[in-house]
Amino acid sequence: MIRHAIPLALLAAATPASAQQPAAPAVPAAPAARTRAAPPAVAVDPRVAALRDKALGDDVAYAITEGLTTEIGQRGTGGSAAQARAREWGVAKLKALGFRNVRIEPYTLPNVWERGVETAEVVVPYPQALRLTALGNSGATPAGGLTAPVTFFATLNDLLAAPAGSLTGRIAFVSNTMEPTQDGSSYGSAGAARFVGPNVAAQKGAAAIVIRSIGTDHGRGPHAGSTNFAPGVAPIPAAALSVADAENLERMVKLGRPVTLKLVLTPRFIGPRQSGNVVAEVPGTDRDAGIVLVGGHLDSWELGTGAIDDASGLGITTAAARLVMEAGRPRRTIRVVWFGDEEIGGFGGQEYARAHAGERHATASESDFGADRVWRVETSLPDAARPVADRLAAALAPLGIVRGTGTGGDGTDIGPVIRTGVAGVDLNQSGLHYFDVHHTPEDTLDRVDPTQLRQNVAAWTTMLAIVANAPEDIGPVPARP
């Protein structure tokens, strides 16, 4: 045994290293690091920066919001007396702030819907009252109410899948939920239960429908809002339950016993009414350069005082236009519009577009998403005006505003103008808390944060100072459908 140990050791020592073990595989060269080209520098006009920073200390927007919610309160949509008082209040305020060409542009609303009595209660098996509000354009129950069994649908899709005639003599209950999103996109998907759910239920024979309010809260304040019925479909009673009461009703249904509701909803259609838009201007020096249209809507649902929807939007856009006006006469005319009757279908926006169809608009923008911080800017400017968008992004960045990749021009009131091929500029506010109080009794002044409101004014002031004075031609863009 010992005899073999020596030769083996000598053999190992004499063998080249390359023969003892396989060669290590070659290590591939690391790929060249990917580099991103630096964007070109964009100069920010120091006058714009100074005006932006000045706006962070301006409280005109808050004063307008406070005044409308305190001195007028609910500004009922549909040509109401309260909305008429608000128009007169707006004219006086805009004149006092120094705007020119301030006037009311009247129009006639068609058959106006008016809310009436609205109550709900569980009759059996767990008697108790529920809080709800009729949806705009809802049909009415008999004066003494409607009592009927409930058919539960967890989602709108479940209602869509219900067989024809299966809801005859019953109250449909759709309880789909809405989650908060920064851009408010969940409103479009969840809101379909309100937008089209009543029409679907009526077509399937329902005697009435209640939905879980389209909102992200869990309180007992119901969320108002309009619905529409297709031609030939008779409107049925339609209402939104508060989120808390909808959750409670869903729990009752899931206990397995049949649930019966009694609804009393007595809205009515009262025929045509007079209404109008409030218009004010900061006259520009170049009539051919086009109008920069901004604004929000003056009307509100009756449950709250319309602070975030949309007195704050009026305050933001008006305060910003005033700051630009005080800095000197801009190249383009800035037109501020307090649109009427947005909540019932955008009538003010439609009437404005009809009345001003012959005028050239360079851009259109509206503030109608509350009073939270602006976090994103998006545009639909023509290629020739691309430098305007670059300057906007650079000047807004210090306010914490990012440049989005979407197309600007959103909004019910400016929609009719945008659809004619006018460029849009959107200053998007955070929607994470907006639908907690949207269309509810909680839409009141205490929901407006003055610091966030000032940031909005700074953003809008920056936008107006750049767009209204841009040397580039801001021509038409492809018309939207």
Side-chain angles (χ1 to χ4, degrees), residues 75-95 97 99-112 226 271-284 286-300 310 313-314 317-318 321 325 330 332-368 380 408-425 464 467-468 474-477 479-481:
R75 301 171 300 284
T77 197
S80 66
Q83 195 179 162
R85 291 196 301 274
R87 287 194 295 273
E88 296 295 340
W89 187 95
V91 166
K93 175 63 69 174
L94 289 162
K95 286 181 176 179
L97 290 172
F99 287 92
R100 303 287 297 277
N101 304 324
V102 181
R103 73 268 190 190
I104 295 171
E105 296 186 349
Y107 56 82
T108 301
L109 290 165
N111 198 12
V112 171
S226 288
R273 267 187 176 173
Q274 291 295 305
S275 193
N277 296 319
V278 180
V279 180
E281 292 177 345
V282 179
D286 186 349
R287 176 178 293 183
D288 297 328
I291 295 163
V292 176
L293 173 66
V294 297
H297 66 85
L298 183 57
D299 62 310
S300 72
D310 186 33
L314 298 179
T317 52
T318 302
M325 174 175 61
R332 293 177 176 86
T333 293
I334 300 171
R335 182 174 289 163
V336 180
V337 181
W338 294 16
F339 294 97
D341 306 292
E342 185 268 351
E343 297 290 7
I344 58 170
F347 286 98
Q350 295 168 25
E351 293 295 335
Y352 173 86
R354 186 176 296 115
H356 297 275
E359 297 175 313
R360 180 185 177 188
H361 289 77
T363 64
S365 310
E366 70 177 79
S367 179
D368 184 17
S380 64
D410 288 335
T412 299
D413 287 317
I414 64 170
V417 170
I418 290 290
R419 286 191 288 274
T420 67
V422 172
V425 179
L464 287 177
V467 173
I474 304 179
V477 296
R480 291 196 187 181

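Starting from 1, each residue takes its place in the sequence as its number. The figures that follow rest on heavy atoms only: side chains count, while hydrogens, waters and symmetry mates do not.
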Quick check: closest heavy atoms across Thr108 and Pro272, and the distance to 0.1 Å?
CG2-CB, 4.1 Å
Mind checking whether Met325 and Ile334 have side chains closer than 4.5 Å, heavy atoms only?
no
Under 3.5 Å donor-acceptor, Thr333 side chain and Ile291 backbone:
no
Where is the tightest heavy-atom contact between Ala82 and Gly76, given as atom of each residue plus distance?
CB-N, 4.2 Å
Please step through side-chain contact (heavy atoms from CB on, under 4.5 Å) for the pair Phe339 and Leu298, ending with a clear verdict.
CA-CA 6 Å; Phe339 294 97; Leu298 183 57; over 6 Å; no
Distance check, rounded to the nearest 0.5 Å: Arg354 atom CZ versus Phe347 atom CZ?
10.0 Å
Salt-bridge present (Glu88, Arg85; N to O < 4.0 Å)
no
Over all atoms of both residues, closest heavy-atom pair of His361 and Leu293
CD2-CB, 4.0 Å
Close side-chain approach of Val279 to Asn101, heavy-atom, < 4.5 Å
no
In terms of heavy-atom contacts, does CZ of Arg103 have more than 12 from other residues, nucleotides or ligands at under 6.0 Å?
yes
On a heavy-atom basis, the closest approach of Val102 and Ala280 is CG2-CB, 3.8 Å
Looking only at non-hydrogen atoms, find the nearest pair between Ala423 and Ile474 and report the distance.
CB-CG2, 4.4 Å
At what distance, to the nearest 0.5 angstrom, does CG of Asn111 lie from CZ of Arg273?
11.0 Å
Indicate the atoms forming the closest heavy-atom contact of Ile344 with Ser226, along with that distance.
CA-OG, 3.8 Å
Roughly how far apart are Lys95 NZ and Leu97 CG, rounded to 0.5 Å?
13.0 Å
Counting only pairs under 3.5 Å, give me each side-chain donor-acceptor contact of residues 411-419, with atom names and distances, residues two or more places apart or in other chains.
{"residue": "Thr412", "atom": "OG1", "partner": "Glu342", "partner atom": "OE2", "Å": "3.4"}

Nearest 0.5 angstrom please: Thr77 OG1 to Leu109 CG, how far?
7.5 Å
Side chain of Glu281, backbone of Arg100: donor and acceptor closer than 3.5 Å?
no
Any sub-3.5 Å donor-acceptor pair from Arg332's side-chain atoms to Val292's backbone N or O?
no
Pairwise distance CH2(Trp338) to CG(Asp310) - rounded to 0.5 angstrom:
11.0 Å
Just checking, any donor-acceptor pair under 3.5 angstrom between side chains of Arg87 and Ser275?
yes
With a 3.5 Å distance limit and no angle check, can you tell me whether Ser300 reaches the backbone of Arg75 through a side-chain donor-acceptor pair?
yes
Can a donor-acceptor pair be found, under 3.5 Å and without considering hydrogens, that links the side chain of Asn277 to the backbone of Gly340?
yes
In this structure, CD of Glu351 is separated from CG of Asp341 (nearest 0.5 Å) by 9.5 Å
